[in-house]
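In what follows, a structure is listed as structure tokens, so that the remarks can point back to it.
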Amino acid sequence: MGARFQIATPGDFVLSRDACSYGYFLLAPNHWEPGTREFRTTIDAGERAFTVVVSQDGPGGSRARVRGRPLTVRADVAPSRAERDAIAAQLARMFRLDEDAAEVRAFHRTDPRWRRTGRGRLMRSATLFEDVIKTVTSCNVAWPSTIIMNRRLCEVAGRASASGLHAFPSAARLARMRARTLRARCNVGYRDARIVELARLFARDAGPRVPPRAAARGVSWPVRSGFSAWLEDRRTGDDAVRAALLELPGIGPYAAANIMQLLGRYAHLPLDSESLRHARTVLGYSGPDRALMEKLHAHYEPFGEHRFRSYWFELWAFYEQRRGPSWTWERETTGKTFTASKL
DNA sequence: GGTAGACCTGGACGC
DNA sequence: GCGTCCAGGTCTACC
């Protein structure tokens, strides 16, 4: 390893719990090593990519009593100061280090079921663009295919580190790809043109055109610049963000709601076929799909702005009950089976 | 506004 | 080993 540095964490942060809290920890370029409880990923820092291994040590270098302890980052090559800042910023986004402990406590006051385990943070991607593409690759497809698509996108289009591992491709790199190349080499199927179109929008940082009907409702978004920053800005209203996301190619109601939770807007529920399975097998609901969806919305209504976290940790607890703690899962074995029909 | 069917891939299943 | 069927969310055409 070429360099080592540390990143401070909020007082409640536990790497093994908070990294292994959402399925993206199993998708390339990410890799969780259960044996050592280390998180490895490859980050595109602009001009170079770095493969980094992230760990969290307790007193004396132990793996116990790690809560709130800083993260140790080991990079394969020594980064410049600017590159180190870029790596730290992207890791902070992935682990939501910007959400302080008080914010997690507010969630626990609303839904005390998760206070004992401390669950509250949800792992996400290094960039919003990667979150959007990962969401698209998880739609209308079984989870093993999502794993393949993300691995191939990295291998075919991502910048390689000195270790020979690949980062997730930037919007600029994917924007230069041809749709048929993505289909042939990355197994993305009919999503090919949509992914390239999304990449071009994010590479220009322009966003979709505001449709007349949305404009008539007073919804607007920046057309020429700063689309990503506008979406990430907490001052932007949920309705405007949702309307903008629904204008993106390949983004429907489910994907828009999922991207919103990835943006930290937890009031929206991305309900899908897995939600229906949860309603029937865990919550004990019955009836046609539409009625189940209404029951699910009613069930999570009391959790207000935290709805998604309550919903997700219910699902996650079910998976862990069947497959053991998520930090013991490996991508190629348990990780391939952890959704829907296989459980 | 609601609905049906196409889109594409990988896994399950039957032979 | 091969062929068939199915799951999965979005998009478009149609009523």
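Every chain is numbered from 1 and lettered A, B, ... according to where its sequence line falls, protein lines coming before strand lines. When reading the values below, keep in mind they use all heavy atoms of this one structure, side chains included, and skip hydrogens, waters and symmetry mates.
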Between A:Asn187 and B:dG10, does any side-chain N or O lie under 4.0 Å from OP1 or OP2? yes

Measure OH/A:Tyr190 against P/C:dT12 and give the value in whole Å, please. 12 Å

Among residues 252-271 of chain A, which residues get a heavy atom nearer than 4.0 Å to DNA chain C? A:Gly252, A:Pro253, A:Tyr254, A:Ala255

Looking at A:Arg115, I want to see if its CZ is surrounded by more than 12 non-hydrogen atoms of other residues, nucleotides or ligands under 6.0 Å. yes

Without decimals, in angstroms, what is the distance between A:Arg191 CZ and C:dG9 P? 11 Å

Might you confirm whether atom CZ of A:Arg185 has over 12 heavy atoms from other residues, nucleotides or ligands at distances under 6.0 Å? no

Selected nucleotide, minimal atom distance to A:Cys139 side chain, candidates C:dT10, C:dG8, B:dG10: C:dT10

Could you state the atom-to-atom distance from CG of A:Asn140 to P of C:dA7 in whole Å? 12 Å

To the closest 0.5 Å, what do you measure between CD1 (A:Ile87) and CD (A:Glu83)? 7.0 Å

Checking A:Glu197 against A:Arg200 for the salt bridge (charged side-chain N to carboxylate O under 4.0 Å, His left out) test, could you report, in this order, the C-alpha distance in whole Å, the side-chain angles of both residues, the deciding distance, and whether it holds? CA-CA 5 Å; A:Glu197 198 177 340; A:Arg200 288 175 181 161; over 6 Å; no

Do the side-chain N or O atoms of A:Ser273 get closer than 4.0 angstrom to the phosphate oxygens (OP1, OP2) of C:dA7? no

Would you indicate what A:Leu248 reaches in the nucleic acid, counting non-hydrogen atoms under 4.0 angstrom: base, sugar-phosphate, or nothing? sugar-phosphate

Is it the case that A:Arg307 places NZ or CZ above or below the six-membered ring of A:Tyr300, under 6.0 angstrom from the centre and within 45 degrees of the axis? no

Length of the CG-P vector between A:Leu245 and C:dG9, whole Å: 18 Å

What integer distance in Å separates A:Arg290:CZ from B:dG2:C1'? 8 Å

For A:His306 together with A:Tyr266, are the ring centres under 6.0 Å from each other? no

Take atom CG of A:Leu198 and atom C1' of C:dC11, then tell me their distance rounded to the nearest Å. 14 Å

Select one nucleotide: of C:dG8, C:dC11, B:dG10, the one nearest the side-chain heavy atoms of A:Ser145. B:dG10

In whole angstroms, the gap separating C1' of B:dC8 from CH2 of A:Trp143 amounts to 18 Å

Using the benzene-type ring in the case of Trp, are the ring centres of A:Phe95 and A:Phe39 under 6.0 Å apart? yes

When you check the phosphate oxygens OP1 and OP2 of B:dC7, does a side-chain N or O of A:Arg183 lie under 4.0 Å from one of them? no

Between P on C:dG9 and CG on A:Leu246, what's the gap in Å once rounded to a whole number? 16 Å

Side chain of A:Val141 only, please: which of C:dG8, C:dG9, B:dG10 is the nearest? C:dG8

